[in-house]
Structure formats: C-alpha cells, structure tokens
Number of protein chains: 2
Amino acid sequence: MRLTSFTDYGLRVLMRMAGTPDRAFTAADLAAEFRISRNHLAKVISALAAAGLLETRRGGGGGAMLARAPKDIRLGDVVAVLEADQALVECFASDTNTCTLTPHCRLKARLAHAEAAFVADLNRSTLADCVYRPEST
Amino acid sequence: MRLTSFTDYGLRVLMRMAGTPDRAFTAADLAAEFRISRNHLAKVISALAAAGLLETRRGGGGGAMLARAPKDIRLGDVVAVLEADQALVECFASDTNTCTLTPHCRLKARLAHAEAAFVADLNRSTLADCVYRPEST
DNA sequence: AGTAATACGCATTGTAAATACCAAATCAGG
DNA sequence: CCTGATTTGGTATTTACAATGCGTATTACT
C-alpha cells in the first residue's frame with residue numbers, strides 16, 4: 001500500500017506552511033528546505049491551489065500560503081484530493097480493467113469501503129495537529 | 001493510494017480457490033483463467049504458501065489449495081502480508097528516508113494509524129464473503 | 001526413469017512516477 | 001512603463017521499480 005511522493009510532498013508543504021503562517025513560500029524556498037525537486041514541487045503546489053487549499057500569488061514577492069486555518073484542513077481530504085487519480089487496484093480503473101472476475105466479484109465493494117475507512121481515520125486529524133515547527137525561530 | 005498487482009492477483013487466487021474447494025490449482029491453470037503472467041502468478045502463489053494460506057504440492061497432479069477454511073481467512077491479513085514490503089510513504093522505509101521533517105513530524109503516526117484502520121476494516125470480511133463462483137458448474 | 005509441477009535466482013521489459021526543461025502569463029516595485 | 005521575480009502549464013526526459021520472462025534446480029507422482 002503506497003501513496004505517491006506527490007501526495008507525500010503535498011503533506012509536507014502544508015505542515016511546513018502551518019508552522020509559519022502569514023509567510024508566503026515560494027516553490028524554490030520549500031524545495032531547498034526539503035531538498036527535493038523544485039519543478040516537481042511547483043506542480044504539487046499547483047494542485048493544492050487548484051483544490052482550494054492554498055492561495056498563490058505570482059510576481060515579485062509572490063508565493064503560496066494556506067487558504068484556510070489549519071484546523072479547518074482535514075488530512076483525509078488532502079490525501080483524497082492528491083490521490084484522486086490513483087486506482088487502488090486494477091478494477092477501480094474501469095477503462096483499463098482486465099480482471100476476469102469483475103462481473104461477479106464481491107471484493108471490490110469491500111476494498112472501496114476500506115479505502116474510505118482509511119480516509120475517514122485520517123480525517124479525525126486536522127493540519128493543526130501536524131504543524132511542523134522549524135528548527136530555530 | 002495503490003496496492004500492487006501482486007496483491008491484487010493474490011486476492012483473485014484466493015477467491016477463485018474458495019469457489020472450488022478440494023481442487024488443486026496449478027499456476028498455469030489460474031494464469032490461463034485470469035489471462036495474466038504465469039511466472040508472476042507462480043510467485044504470488046509461493047508467497048501465499050509461505051504465509052501459510054495455501055498448501056502446495058509438487059509433481060504430477062500437484063498444485064495449490066487453501067490451507068484453511070475461507071471463513072478463517074481474513075482479507076485484511078492477506079493484504080497486510082502481501083503488501084508487507086510496501087512503505088506507505090517515504091519515511092516508513094527508514095533506511096532510504098530523506099524527509100527533512102522526520103525528526104519533528106507529527107504526521108507519521110497518524111498515517112500508520114490510518115493504514116491499520118484500512119486493514120482492520122478489511123478484516124471485518126473473510127474470504128467466505130468473497131467466494132468467486134465460476135461461470136458454469 | 002520419466003514427467004509434471006513448484007521453487008528460486010537473475011535478466012529483461014514496460015510503465016508510470018519523478019524530474020528537468022522551456023515558454024508564457026502575471027505581478028510588484030522602481 | 002519597464003524589469004526582474006515568480007507562478008503556470010505543457011512537454012520531454014530520466015529513472016525506479018513493478019511486472020514479466022526465462023532457465024535451472026528441486027521435488028514428487030505415476
């Protein structure tokens with residue numbers, strides 16, 4: 001069971017931003033701090049902004065910051081958004097599914113239920129529970 | 001959020017075997033029926049046997065069959081075994097982890113809890129709930 | 001013996017994530 | 001109204017690893 005690094009990075013971004021609210025973070029800033037690819041991180045930030053979790057501002061002095069208070073951002077929702085295009089198993093992607101059991105399969109619904117349980121369990125926490133406080137401040 | 005096809009195939013094998021107990025299935029039989037790779041499936045069967053879920057017998061007339069009654073095989077346990085080497089996120093694989101937040105991260109424990117919730121939810125069902133009945137018998 | 005099957009290691013392939021690159025759009029500040 | 005900094009979006013490339021293939025050894029039934 002795996003989440004993509006895309007999702008992983010998204011969570012790191014949110015936790016870090018919650019640690020220093022009111023600061024606008026550029027993609028370059030965060031990429032340097034996390035020591036990961038700047039370009040890839042830029043896309044993660046785009047996705048978070050598209051989901052309404054971040055507000056971004058372009059141009060000089062621009063950057064991104066949280067669009068809502070950390071306590072109003074539920075972790076499960078974040079994961080669900082960032083993993084939206086990931087099929088848990090092959091048959092969840094109906095267009096490329098080749099499983100011969102599909103017509104009579106009684107497992108699929110149970111897997112979907114478990115996936116929902118995963119998200120629901122995460123939703124018991126909000127970003128406020130996972131604030132990352134930078135080293136020295 | 002994704003499970004490997006390795007796990008997917010493992011579940012298919014178990015469901016199919018539960019549909020026709022007392023029959024020994026060879027890897028070739030199942031691969032043909034599912035229209036998937038015979039070699040890959042053989043490894044899945046090995047893993048299931050190593051986990052004590054299947055009994056295998058070599059030689060002519062050999063094959064594999066369930067080691068326990070379907071109602072005594074919990075789905076969450078199966079998934080947990082087959083996904084054992086899959087790290088949910090990078091920091092779960094401590095030897096290759098490069099996340100700079102790790103020392104003060106308050107997210108990891110929550111992710112682990114959610115993963116356990118996923119397995120626990122699946123464990124509400126057993127293989128007996130997911131028997132696959134072949135087309136015409 | 002001969003045959004049918006698993007078991008296992010290693011090589012190869014294929015695919016998708018991760019990353020890099022580039023051009024365009026946008027904005028702050030002088 | 002420039003100019004430099006930044007996001008945005010698209011495409012291309014790289015890379016990692018799951019998936020597959022294959023050969024050999026091993027085991028066991030007939």
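Note that these values count all heavy atoms, side chains included, but never hydrogens, waters or copies made by symmetry. Chain letters run A, B, ... following the sequence lines, proteins first and then strands; every chain starts at 1.
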(message) Need one value for A:R57: base, sugar-phosphate or nothing, where a base atom within 4.0 Å counts as base even if backbone is also close, heavy atoms only.
(response) sugar-phosphate
(message) Check whether A:E90 reaches the backbone of A:T98 with its side chain - one donor and one acceptor, N or O, closer than 3.5 Å.
(response) yes
(message) Using a heavy-atom cut-off of 4.0 Å across all strands, would you classify B:E55 as base, sugar-phosphate, or nothing?
(response) nothing
(request) Give the rounded distance in Å between these two atoms: CG of B:L3 and C1' of D:dA19. (result) 16 Å
(request) To the nearest Å, give me how far apart CD1 (B:I36) and P (D:dA18) are. (result) 17 Å
(message) According to a hydrophobic-cluster definition based on side-chain heavy atoms being under 4.5 Å apart (Ile, Leu, Val, Met, Phe, Trp, Tyr only), do A:L48 and A:F6 belong together?
(response) yes
(request) Take the protein atom CD1 of A:I45 and the nucleotide atom P of D:dT6, then report the distance between them rounded to whole Å. (result) 13 Å
(message) Output the rounded distance in Å from CG (A:L41) to P (D:dT6).
(response) 15 Å
(request) Give the rounded distance in Å between these two atoms: CG of A:L54 and P of D:dT6. (result) 17 Å
(request) Check whether A:V119 and A:F92 end up in the same hydrophobic cluster, where Ile, Leu, Val, Met, Phe, Trp and Tyr are linked by side-chain heavy atoms less than 4.5 Å apart. (result) yes
(request) Would you indicate, yes or no, if C:dA7 has its OP1 or OP2 atom less than 4.0 angstrom from a side-chain nitrogen or oxygen of B:S46? (result) yes
(message) Looking at D:dA18, I'd like to know if its phosphate oxygens (OP1 or OP2) sit under 4.0 Å from a side-chain N or O belonging to B:Q86.
(response) yes
(request) Could you tell me the separation between the CZ atom of A:F6 and the P atom of C:dA20, rounded to a whole number of Å? (result) 15 Å
(request) Using heavy atoms to find the nearest nucleotide of DNA chain D for A:R2 and A:A42 separately, return the residue whose nucleotide is more 5′. (result) A:A42
(request) Tell me, yes or no, whether the heavy-atom count around B:R16 atom CZ, taken from other residues, nucleotides or ligands under 6.0 Å, exceeds 12. (result) yes
(request) Please determine, for the side chain of B:T26, which listed nucleotide (C:dA5, D:dT8, C:dA7) has the closest atom? (result) C:dA5
(message) What's the closest nucleotide to the side chain of B:R38 if the choices are C:dT6, D:dT8, C:dA20?
(response) C:dT6
(message) How close do B:A47 and B:L82 get, counting heavy atoms only, and between which atoms?
(response) CB-CD2, 4.2 Å
(message) Could you see if B:V44 belongs to whatever hydrophobic cluster contains B:F34? Use Ile, Leu, Val, Met, Phe, Trp, Tyr and a side-chain cutoff under 4.5 Å.
(response) yes
(message) Let's go through B:V79 and B:F118 carefully: what are the C-alpha distance in whole Å and the side-chain angles of both, what is the deciding distance for side-chain contact (heavy atoms from CB on, under 4.5 Å) to 0.1 Å, and is it a yes or a no?
(response) CA-CA 10 Å; B:V79 170; B:F118 177 88; 4.3 Å; yes
(message) Does D:dA19 have OP1 or OP2 under 4.0 Å away from a side-chain N or O of B:S37?
(response) no
(request) For A:A27, report the nucleic acid contact type (base, sugar-phosphate, nothing); a contact means any heavy atom under 4.0 Å. (result) sugar-phosphate
(message) So, OP1 or OP2 of D:dA18: does either fall under 4.0 Å of a side-chain N or O from B:Y9?
(response) no
(request) Could you check which of C:dA17, C:dA7, C:dT19 has an atom nearest any side-chain atom of A:H40? (result) C:dT19
(request) Answer yes if A:Y9 and A:I73 sit in the same cluster of Ile, Leu, Val, Met, Phe, Trp and Tyr residues linked by side chain heavy atoms under 4.5 Å apart, and no otherwise. (result) yes
(request) Assign a letter to each nucleotide of nucleotides 21-26 of chain C from its 5' end: B, base within under 4.0 Å of a protein heavy atom; S, sugar-phosphate only; -, no contact. (result) B---BB
(request) Calculate the interatomic distance between A:L30 atom CG and D:dT6 atom P; express it in whole Å. (result) 13 Å
